[in-house]
Every structure is written in C-alpha cells, then in structure tokens.
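Only one structure is covered here, and it is reproduced in the block below.
As the structure lists them, so they are numbered: ligands from 1, and atoms in each ligand from 1. All values below come from the heavy atoms of this structure, side chains included, with hydrogens, waters and symmetry mates left out.
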Amino acid sequence: MDNKLMHIYEALLFNYGDPLWWPAETPYEVIVGAVLTQNTSWGNVEKAIANFGDDLSPETVAEAEIEQLIEIIRPSGFFNQKAVYLKAVTSWFSKYNYDVSTVQREPLEKVRAELLSTRGVGPETADSILLYAFEFPTFVVDAYTMRLCSRFPIDAGKGYASVKAHFELNLPRSVKLYNDYHALIVMNGKEYCRKRPICDGCPLADMCERSGL
Ligand code: SF4
C-alpha cells in the first residue's frame with residue numbers, strides 16, 4: 001500500500017466532505033452521462049439529459065430514430081457520433097435485459113472487455129460506467145488524475161492502464177473509496193489544480209511538490 005495515496009484522499013475528503021457522486025437518478029442515466037460527457041462540460045451534459053424529460057430509459061433510446069436522438073442530445077456536442085455511441089452502449093445493455101443486477105453477477109473483467117469493444121466506449125467511459133452505474137471496483141482515471149500525478153508527483157507510470165493499476169494496487173479494493181477518490185480528484189482539479197493551478201488554498205498544498213510548475 002502507498003500511504004501517499006491515502007494521505008491525499010484523506011486531505012481531499014476532509015476539505016470537500018463526501019462527494020456523493022455520480023450526479024444521476026438511475027444507473028442508465030449514469031451510462032448516458034458517461035458517454036455524453038466525452039469532450040464537453042458537465043453543464044452541457046445536463047442540458048442534453050434534461051431534453052429527455054421524464055423519458056430517459058434504455059427502451060426510449062433503443063426505439064428512437066437516430067435523428068430524434070441527435071436533436072435530444074445536441075447540447076452535448078459531437079451529437080452525430082454520440083447518438084451512435086448511445087445506441088451502441090444501449091444495445092450492449094439490452095443483452096442483459098437492461099437489468100443492473102444481471103450485469104453485476106458477471107465478472108468485472110468480462111463486462112469491462114464487452115464495454116471496451118462497444119463503439120465509442122474507451123477506458124475512462126467504461127470504468128465510469130462500471131464503477132458508478134454497476135458498482136464494480138474499478139478505478140476511473142481522467143485528465144485531472146493524470147495532472148495530479150504529474151504535479152504531486154505520484155509515480156504511477158504513464159498511460160491509462162498504468163495509472164489505474166497503481167491506484168488499485170495501492171488502495172484498499174473498495175467501490176466506495178474508488179467512487180469518492182475519483183470524484184474528489186475531479187473536484188480539486190476544477191477548484192485548484194487547473195491547467196493554471198491555484199496552489200494557495202489547495203488542500204494538498206502542504207504535501208504537493210508542484211513538480212514542473
Ligand atoms: S498544490 Fe497546486 S499543483 Fe499541487 S495539487 Fe494543489 S493546485 Fe495542484
């Protein structure tokens with residue numbers, strides 16, 4: 001275990017409290033959000049999700065004409081591609097009869113491999129879906145995580161798989177911990193560890209070497 005990772009987690013948790021992520025009402029909404037958030041802000045995702053009204057379900061997406069879907073998700077940008085991706089991930093979910101507990105009974109690596117072979121689903125999207133929709137213990141790595149690793153620094157290697165493995169090998173295997181940790185990194189990345197960091201007031205300032213800054 002790497003105590004550095006736990007110290008970072010504790011400092012972030014102390015500062016921000018329990019993040020209560022992911023901001024969605026149903027597991028399927030998590031899936032939709034994970035696809036729509038690619039290359040756009042969460043605010044745009046919220047506008048797209050709001051366009052579904054009370055009708056955000058896998059059945060609705062499966063039955064919708066692609067042109068209809070494009071209009072609904074237009075605020076999220078890259079709507080032509082994302083409509084195709086939503087259809088693809090919904091088609092994958094249909095193999096489980098849109099039933100969360102059926103997916104959860106499968107081995108994590110099998111479901112992860114299926115998602116990764118689904119059009120438009122890369123490692124970050126797959127792990128977000130696995131962790132936040134289905135509560136599998138898989139660590140989500142994003143640009144904020146990479147930035148924190150390079151600045152702190154955390155010697156997690158380069159690339160998605162290496163950083164994910166480093167966190168998983170050095171933290172207790174816990175859905176709640178992985179869930180909160182990723183959320184807290186994102187919160188701190190938005191608040192302080194931005195492209196141009198605001199180190200004054202950052203809850204990690206006492207520990208961080210600010211490598212390369
Ligand atoms: S102290 Fe600065 S560089 Fe380090 S995590 Fe905080 S904002 Fe980022």
Side-chain angles (χ1 to χ4, degrees), residues 1-24 30 33-47 49 75-78 108 112 116 121-133 135-213:
M1 294 282 163
D2 179 346
N3 285 336
K4 187 191 274 185
L5 291 188
M6 281 311 290
H7 288 150
I8 291 170
Y9 172 70
E10 283 159 7
L12 292 174
L13 189 64
F14 182 78
N15 189 73
Y16 295 104
D18 190 336
L20 301 173
W21 258 32
W22 180 291
V30 175
V35 170
L36 296 186
T37 199
Q38 295 172 5
N39 303 306
T40 195
S41 69
W42 188 253
N44 290 334
V45 175
E46 286 180 327
K47 287 178 198 156
I49 285 179
S76 71
F78 302 98
L108 163 59
R112 190 168 190 270
L116 287 174
V121 179
E124 184 186 335
T125 305
D127 288 323
S128 297
I129 291 171
L130 289 163
L131 179 62
Y132 290 105
E135 300 181 356
F136 280 106
T138 188
F139 200 87
V140 180
V141 175
D142 69 348
Y144 293 114
T145 319
M146 294 293 195
R147 188 185 293 161
L148 176 67
C149 288
S150 70
R151 287 178 176 169
F152 201 83
I154 298 165
D155 188 16
K158 291 203 178 346
Y160 190 98
S162 171
V163 174
K164 171 179 160 63
H166 180 84
F167 276 79
E168 290 182 355
L169 286 170
N170 289 287
L171 291 170
R173 185 177 159 89
S174 157
V175 169
K176 172 72 175 152
L177 179 65
Y178 291 179
N179 180 324
D180 289 352
Y181 209 140
H182 172 66
L184 290 164
I185 288 174
V186 173
M187 290 164 83
N188 202 56
K190 288 183 174 169
E191 186 95 14
Y192 294 103
C193 206
R194 303 174 180 176
K195 279 185 186 160
R196 282 193 185 182
I198 304 168
C199 297
D200 282 349
C202 171
L204 305 180
D206 289 348
M207 295 183 267
C208 180
E209 291 178 21
R210 306 172 199 193
S211 172
L213 293 175

Closest candidate by heavy atom, reference atom 6 (Fe) of ligand 1, pool Pro203, Cys208, Pro197, Cys202: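 Residue with the shortest heavy-atom distance to the ligand atom: Cys202.
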
Separation between OH of Tyr178 and CG of Asp127, rounded to the nearest 0.5 Å: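 So the gap between those two atoms works out to 11.0 Å.
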
Part of Cys199 within contact of ligand 1 (heavy atoms, under 4.0 Å):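 It is both parts that get close, each with some atom under 4.0 Å.
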
Tyr181 side chain to Leu5 backbone, donor-acceptor under 3.5 Å: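 Here the side-chain-to-backbone pair exists.
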
Side-chain donor/acceptor of Lys190 to backbone N/O of Tyr144, under 3.5 Å: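 It does not hold such a pair.
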
Minimum-distance protein heavy atom relative to atom 3 (S) of ligand 1: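 That would be Leu213 CD1, 3.6 Å.
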
For Ala205, the ligand 1 atoms whose distance to one of its heavy atoms is below 4.0 Å: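 So the answer, numbered in order with elements, is 1 (S).
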
Flag side-chain contact, heavy atom, 4.5 Å: His166 against Asp155: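 Not in contact.
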
Atom 8 (Fe) of ligand 1 contact by Cys193, N, O or S atom under 2.8 Å: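 Short answer: yes, at least one N, O or S atom is under the cut-off.
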
Aromatic ring pairing Tyr132/Trp22, orientation class (parallel under 30°, perpendicular over 60°, tilted between):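 Geometry flag for Trp22 against Tyr132: tilted rings.
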
